Amino acid sequence: MIRSITNVGRPYYTNTFRGPTAEFRVRILSLDLEKRITVAIDGPAGAGKSTLARRIAAKLGYLYIDTGAMYRAVALWAERLHVSVSDMHRLEQLAAQAEISFVPGENTVLLNGEDVTHAIRTRAMGQAASQVAAVPGVRRAMVNSQREMGRRSSVVMEGRDIGTVVFPEADIKIFLDADLDERTERRARELDLPAQAVSAEIQERDHRDRTRAEAPLVQAPDALYVDTTGLSIDAVEQELLRLIRERTSNGKERTH
Ligand code: DC
């Protein structure tokens with residue numbers, strides 16, 4: 001079972017259908033009217049998704065969900081249990097059993113209660129995550145969990161298939177991209193390695209993520225394409241916030 005720490009507990013309506021009082025009914029009605037906003041950000045590795053999604057979520061007061069971290073966590077667990085990335089059946093079982101959660105307001109990722117924030121950030125886990133993410137059963141488990149998180153609160157969710165598969169009805173979809181050279185430079189800086197050390201890996205991962213049969217990385221037809229090549233994070237952040245606010249009543253949860 002997978003859940004977000006922020007979402008632990010019963011949904012607000014759990015009690016209410018067992019003969020709600022009038023007061024309860026009013027409360028249910030007002031909660032139902034609250035619109036939860038979903039911002040979907042997709043794109044290839046190194047396009048700036050994580051940094052931007054995290055900043056935007058903080059500005060808007062939404063929950064930030066890094067779905068790549070979830071695939072990385074499954075890959076890490078598989079590695080620890082010596083489960084091969086080609087053992088689809090076992091991987092599917094692990095994904096269904098994994099308890100992956102995010103600590104709101106922090107970058108912390110928990111796998112079965114253990115802080116794996118740093119352990120999942122290695123090059124090896126990036127590659128393994130991309131392989132694990134091609135397994136349909138793994139994706140099913142992750143997507144279910146991601147949808148559950150998005151149903152319960154306003155989110156900025158980033159990954160590869162958020163606007164196409166996880167939330168095709170997202171309020172706003174952004175496809176972030178950048179030149180391969182720049183993406184390679186950014187990833188190399190993150191990992192503190194020379195660019196040539198990560199270049200082949202990035203290309204291999206992009207190719208796998210874009211060409212897999214299940215939920216490949218592709219721009220949703222209604223997503224806004226944003227090329228971040230040569231732009232500062234601050235400039236892109238301002239532009240994205242403007243776009244989001246324009247489409248979501250100034251970023252506030254609207255009622256209708
Ligand atoms: O964003 P990232 O580099 O942490 O993602 C690691 C891998 O996980 C990426 O190569 C592809 C996969 N992934 C995916 O298939 N779908 C997502 N929504 C997010 C990540």
Side-chain angles (χ1 to χ4, degrees), residues 2 4 38-54 57 64-79 85 88 91-92 94-95 98 100 102 107-109 111 116-150 155-168 170 173-178 180 183-184 186-191 193 198-220 223 228:
I2 305 164
S4 157
T38 308
V39 178
I41 303 184
D42 290 302
K49 297 187 303 293
S50 299
T51 310
L52 285 160
R54 186 178 300 116
Y64 162 59
I65 313 260
D66 170 3
T67 61
M70 299 171 74
Y71 291 97
R72 285 171 182 262
V74 173
L76 178 69
W77 201 19
E79 189 206 51
V85 288
M88 293 173 54
L91 288 174
E92 180 174 346
L94 286 188
I100 303 170
F102 298 95
N107 298 333
T108 312
V109 183
L111 167 66
V116 294
T117 315
H118 299 293
I120 61 171
R121 288 291 147 212
T122 63
R123 288 159 75 190
M125 280 310 121
Q127 288 297 336
S130 169
Q131 288 171 289
V132 158
V135 176
V138 171
R139 298 205 73 81
R140 256 195 312 278
M142 297 299 115
V143 169
N144 283 342
S145 159
Q146 290 153 10
R147 286 188 179 143
E148 191 57 32
M149 294 180 202
V155 292
V156 178
M157 192 174 285
E158 56 106 344
R160 305 293 189 289
D161 61 339
I162 312 305
T164 50
V165 174
V166 183
F167 289 115
K173 302 179 187 179
I174 293 156
F175 192 90
L176 272 190
D177 205 356
L180 177 62
R183 294 194 290 110
T184 305
R186 288 177 189 165
R187 206 23 72 91
R189 263 199 308 275
E190 260 170 44
L191 293 165
L193 289 165
V198 297
S199 168
E201 275 173 21
I202 284 229
Q203 290 183 56
E204 188 191 329
R205 193 139 76 89
D206 275 1
H207 179 73
R208 191 186 300 112
D209 295 345
R210 287 182 199 271
T211 57
R212 68 182 173 222
E214 189 84 7
L217 168 64
V218 61
Q219 184 185 344
T228 67

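Numbers here are sequence positions counted from 1. Nothing here was measured: the structure is a model prediction, and the numbers come from that model. FYI, side chains are in, hydrogens and waters are out, and symmetry mates aren't considered; it's all heavy atoms of this structure. One-based numbering, in listed order, for ligands and for the atoms of each.
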So the atoms of ligand 1 within less than 4.0 Å of a heavy atom of Ser130 turn out to be 7 (C), 10 (O)
Requested in this report: Looking only at distances, please establish whether an N/O atom of ligand 1 is found under 3.5 Å from an N/O atom of Arg72.
Outcome: yes
Applying side chain to side chain contact (heavy atoms under 4.5 Å, CB included) to Ala53 and not counting sequence neighbours gives Ile41, Tyr64, Val156, Glu158
Going by atom types only, do Arg205 and Ser130 share a side-chain donor-acceptor pair under 3.5 Å?
no
of all protein heavy atoms, closest to atom 17 (C) of ligand 1 is Arg160 N, 3.4 Å
CG (Leu52) and OG1 (Thr228) are apart, to the nearest 0.5 Å, by 7.5 Å
Checklist line | Electrostatic pair Arg208:Glu204 at N-O distance under 4.0 angstrom | finding: yes
Val135 meets the side chain to side chain contact (heavy atoms under 4.5 Å, CB included) criterion, sequence neighbours left out, with Met88, Leu91, Val138
* To do: Using a 4.5 Å cut-off on heavy atoms from C-beta on, say whether the side chain of Thr67 contacts that of Met142.
  => no
At under 4.0 Å between heavy atoms, what of Arg208 touches ligand 1? The answer is neither
The protein heavy atom nearest to atom 20 (C) of ligand 1 is Gly68 CA, 3.5 Å
Min over Arg205, Arg212, Glu158, Glu214 of heavy-atom distance to atom 3 (O) of ligand 1 lands on Arg205
Between the CZ atom in Arg139 and the CG atom in Asn144, the distance rounded to the nearest 0.5 Å is 12.0 Å
Per-atom filter on ligand 1: closer than 4.0 angstrom to a heavy atom of Thr67 are 17 (C), 18 (N), 19 (C)
Could you tell me whether some N/O pair between Lys49 and ligand 1 is separated by less than 3.5 angstrom? no
In this structure, atom 12 (C) of ligand 1 is nearest to the protein heavy atom Ala133 CB, 3.7 Å
Within the 4.0 Å heavy-atom cut-off, what Met70 brings close to ligand 1 is neither
Geometry only, no angles: is Arg139 polar-contacting ligand 1 at N/O separations under 3.5 Å?
yes
Residue, atom and distance of the protein heavy atom nearest atom 8 (O) of ligand 1 read Tyr71 CB, 3.8 Å
Nearest non-hydrogen contact to atom 11 (C) of ligand 1 from the set Val143, Asp209, Val132 belongs to Asp209
Task: Basic-acidic side-chain contact under 4.0 Å: Arg140, Glu92 - done: yes
task = For side chain to side chain contact (heavy atoms under 4.5 Å, CB included), just list the numbers for Glu201 and Arg187, CA-CA rounded to whole Å, side-chain angles, deciding distance to a tenth of an Å, and then say yes or no.
result = CA-CA 10 Å; Glu201 275 173 21; Arg187 206 23 72 91; over 6 Å; no
